[in-house]
Amino acid sequence: MDGVFLAADTRVTYSKGPGQDIYVDQAMKVLHLAPGTAIGYVGRVETAAVLLKYVIDGRDHRERTDPISLMNWLPRVLRAAYQRVRPELRGDVAFMVGSSLAGRPMLVETTKVREILFEGVKNGLNSIVGRLPITILSSGARFVSLTNTCAGLLYVLRSPGFELRICPPLQVAAIGSGHGVIEEVRRVHARVLFDYSGNVGIQAYWFRQAIADFVERNDISSVGGLYPVIRVRGNDFLCIGQSTKKFKRGTSEIEADVTLSVENGCWVQRNRVTGKEIKLELPWNIPKNPKQDIRFDDIDRRRSRKVDAGDF
């Protein structure tokens with residue numbers, strides 16, 4: 001309704017052979033690209049690192065880096081860069097780009113707002129705080145321009161052709177092994193958009209929780225760690241962290257006090273109870289050949305299930 005939200009996990013998977021995967025929850029997969037634009041990646045890290053360096057170098061030599069100019073330029077530069085990548089590094093990779101247009105208000109279709117609200121009610125939404133959707137639906141217009149907002153732009157680019165695939169307004173897109181999460185996010189879509197509209201902390205909570213619930217319920221082993229959420233609005237780039245406490249079963253004793261925050265320009269995953277700390281790294285700084293897991297699964301319910309089953 002006002003800009004774009006992007007989220008990603010932090011896990012990179014290294015396959016050492018059948019049943020010998022190593023998981024490293026150390027990847028910063030969403031990066032600030034330019035004023036009003038963020039870019040996220042999935043796929044082979046080495047390939048993504050090379051391509052992103054080409055993109056950043058090209059950006060630094062461009063006169064125009066506004067969202068529309070970047071959208072027209074990125075497919076071309078990614079195709080050209082992919083062809084220059086050494087064959088052994090030419091793996092599958094996909095990028096999601098979220099931009100926001102400062103000075104251009106969001107234009108919403110009333111029918112789409114009605115559909116999202118109806119879906120929310122079907123999934124247990126009984127009430128919302130705020131009158132935004134009622135104002136839109138009672139306007140009588142097919143489209144409503146929302147004052148004091150910034151329009152969003154979301155699109156996906158996949159190797160090898162990097163054809164532009166634009167996500168329509170008020171809709172959701174996903175890339176990578178968690179692509180099925182779209183349906184999960186749609187179940188809370190009305191809450192993300194309308195409940196406490198403008199409270200980005202609550203919006204990010206519902207968005208992040210939908211992703212975590214889907215991943216943990218479906219046990220997608222290649223997705224893990226915490227979930228940084230980025231909001232791009234106009235030329236502003238907001239990193240939205242989290243703070244979560246986990247209590248020992250049947251007690252009031254804190255088992256994990258987990259935070260995700262930005263410190264000195266770097267995302268940090270931390271458990272205040274154990275002192276465990278994992279900083280997120282840009283793709284070109286991620287360990288190339290780790291010997292063991294580096295997991296941040298301190299509040300992951302899959303870990304609790306494995307403990308109950310006697311796997312640890």
Side-chain angles (χ1 to χ4, degrees), residues 1-8 30 36-38 40 67-68 71 94-158 163-176 178-211 213-214 229-234 236 238 240:
M1 300 295 285
D2 189 12
V4 176
F5 279 97
L6 293 174
V30 181
T37 298
I68 300 301
M71 183 179 68
F95 297 96
M96 180 178 290
V97 182
S99 293
S100 182
L101 307 172
R104 183 182 299 183
M106 184 71 180
L107 187 68
V108 298
E109 186 177 12
T110 53
T111 300
K112 187 62 183 176
V113 171
R114 186 177 296 110
E115 290 174 359
I116 294 170
L117 278 175
F118 182 70
E119 187 69 23
V121 172
K122 285 201 308 180
N123 288 286
L125 178 67
N126 297 317
S127 63
I128 57 175
V129 176
R131 294 189 50 81
L132 179 59
I134 304 303
T135 301
I136 294 171
L137 294 178
S138 62
S139 68
R142 182 181 175 186
F143 292 92
V144 175
S145 178
L146 304 180
T147 59
N148 300 317
T149 64
C150 298
L153 180 62
L154 186 67
Y155 53 96
V156 172
L157 303 158
R158 302 179 187 274
E163 293 85 5
L164 186 67
R165 297 185 181 181
I166 298 177
C167 179
L170 298 189
Q171 295 194 29
V172 184
I175 53 177
H179 64 275
V181 76
I182 288 178
E183 290 303 319
E184 192 75 29
V185 174
R186 283 176 178 160
R187 290 188 179 95
V188 298
H189 203 182
R191 294 189 184 276
V192 174
L193 291 178
F194 306 129
D195 200 11
Y196 293 92
S197 180
N199 188 321
V200 294
I202 292 177
Q203 292 173 309
Y205 166 80
W206 285 111
F207 185 28
R208 178 185 285 121
Q209 197 60 45
I211 299 170
D213 287 346
F214 174 82
V229 175
I230 305 296
R231 186 207 190 192
V232 184
R233 180 189 183 274
D236 295 331
L238 179 63
I240 308 172

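No hydrogens, no waters, no symmetry mates; every other heavy atom, side chains included, goes into these values.
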query = Given the rule in the side-chain contact (heavy atoms from CB on, under 4.5 Å) test, do Ile68 and Leu153 qualify, once you have shown the distances and angles that lead to the verdict?
reply = CA-CA 9 Å; Ile68 300 301; Leu153 180 62; 4.2 Å; yes
inquiry  = Please identify which of these residues, Leu6, Val232, Ile166, meets the side chain to side chain contact (heavy atoms under 4.5 Å, CB included) condition with Leu154.
reply    = Leu6
message = Applying side-chain contact (heavy atoms from CB on, under 4.5 Å) to Ile230 and Leu238, what does each step give before you reach the verdict?
response = CA-CA 6 Å; Ile230 305 296; Leu238 179 63; over 6 Å; no
message = To the nearest 0.5 Å, what is the distance between CG on Leu164 and CG on Leu157?
response = 6.0 Å
query = What closest approach, in Å, do Val156 and Ala173 show between heavy atoms, and which atom pair accounts for it?
reply = CG2-CB, 4.5 Å
key: Result of checking Glu184, Glu183, His189 against Arg187 for side chain to side chain donor-acceptor pair (under 3.5 Å)   = Glu184
inquiry  = Less than 4.0 angstrom from a charged side-chain N to a carboxylate O is my criterion; do Asp236 and Arg231 meet it?
reply    = no
request  = Starting at CZ of Arg233, measure out to CZ of Phe5 and round the result to the nearest 0.5 Å.
outcome  = 11.0 Å
message = Quick one, Ile240 with Tyr205, criterion side-chain contact (heavy atoms from CB on, under 4.5 Å). Give me CA distance, side-chain angles, the key distance, then yes/no.
response = CA-CA 9 Å; Ile240 308 172; Tyr205 166 80; over 6 Å; no
inquiry  = Nearest 0.5 angstrom please: Trp206 CH2 to Tyr196 OH, how far?
reply    = 10.5 Å
ask   = Which heavy atom of Val4 sits nearest a heavy atom of Gly152, and at what distance?
value = CG2-CA, 3.6 Å
query = Taking all non-hydrogen atoms of both residues, which atom of Ala7 and which atom of Val229 are closest, and how far apart?
reply = CB-CG2, 4.0 Å
Pairs of donor and acceptor atoms involving the side chains of residues 96-106, under 3.5 Å and at least two apart or interchain, shall be tabulated with distances.
{"unit_1": "Ser99", "atom_1": "OG", "unit_2": "Thr37", "atom_2": "OG1", "d": "2.8"}
{"unit_1": "Ser100", "atom_1": "OG", "unit_2": "Ala151", "atom_2": "O", "d": "3.1"}
{"unit_1": "Ser100", "atom_1": "OG", "unit_2": "Gly234", "atom_2": "N", "d": "2.8"}

task = Start with the C-alpha gap between Arg142 and Glu109, add the side-chain angles, then the distance that decides, and say whether side-chain contact (heavy atoms from CB on, under 4.5 Å) holds.
result = CA-CA 6 Å; Arg142 182 181 175 186; Glu109 186 177 12; 4.1 Å; yes
note = Smallest heavy-atom separation, Asp2 atom then Cys150 atom, equals OD1-N, 2.7 Å
inquiry  = Counting only heavy atoms not in Tyr155 (residues, nucleotides, ligands), do more than 12 fall under 6.0 Å from its OH?
reply    = yes
query = Is there side-chain contact between Ile202 and Asp195, with heavy atoms separated by less than 4.5 Å?
reply = no
request  = Count the heavy atoms belonging to other residues, nucleotides or ligands that lie under 6.0 Å from CZ of Arg165, then report whether that count exceeds 12.
outcome  = no
ask   = So, for Gly40 and Ile175, which heavy atoms are closest and what is the spacing to 0.1 Å?
value = O-CD1, 4.5 Å
message = Contact between Ser139 and Thr110 at the side-chain level, heavy atoms closer than 4.5 Å - yes or no?
response = yes
request  = Among Thr149, Ile136, Val192, find the one that has a side chain to side chain contact (heavy atoms under 4.5 Å, CB included) with Met1.
outcome  = Ile136
task = Check whether any side-chain heavy atom of Val108 sits under 4.5 Å from a side-chain heavy atom of Phe143, and report yes or no.
result = no
Please output the side-chain donor-acceptor pairs of residues 118-129 that fall under 3.5 Å, not counting sequence neighbours, one pair per line with the distance.
{"unit_1": "Glu119", "atom_1": "OE1", "unit_2": "Lys122", "atom_2": "NZ", "d": "3.4"}
{"unit_1": "Glu119", "atom_1": "OE2", "unit_2": "Asn123", "atom_2": "ND2", "d": "3.3"}
{"unit_1": "Asn123", "atom_1": "ND2", "unit_2": "Glu119", "atom_2": "O", "d": "2.8"}

Any side-chain heavy-atom pair of Ile211 and Arg208 under 4.5 Å = no
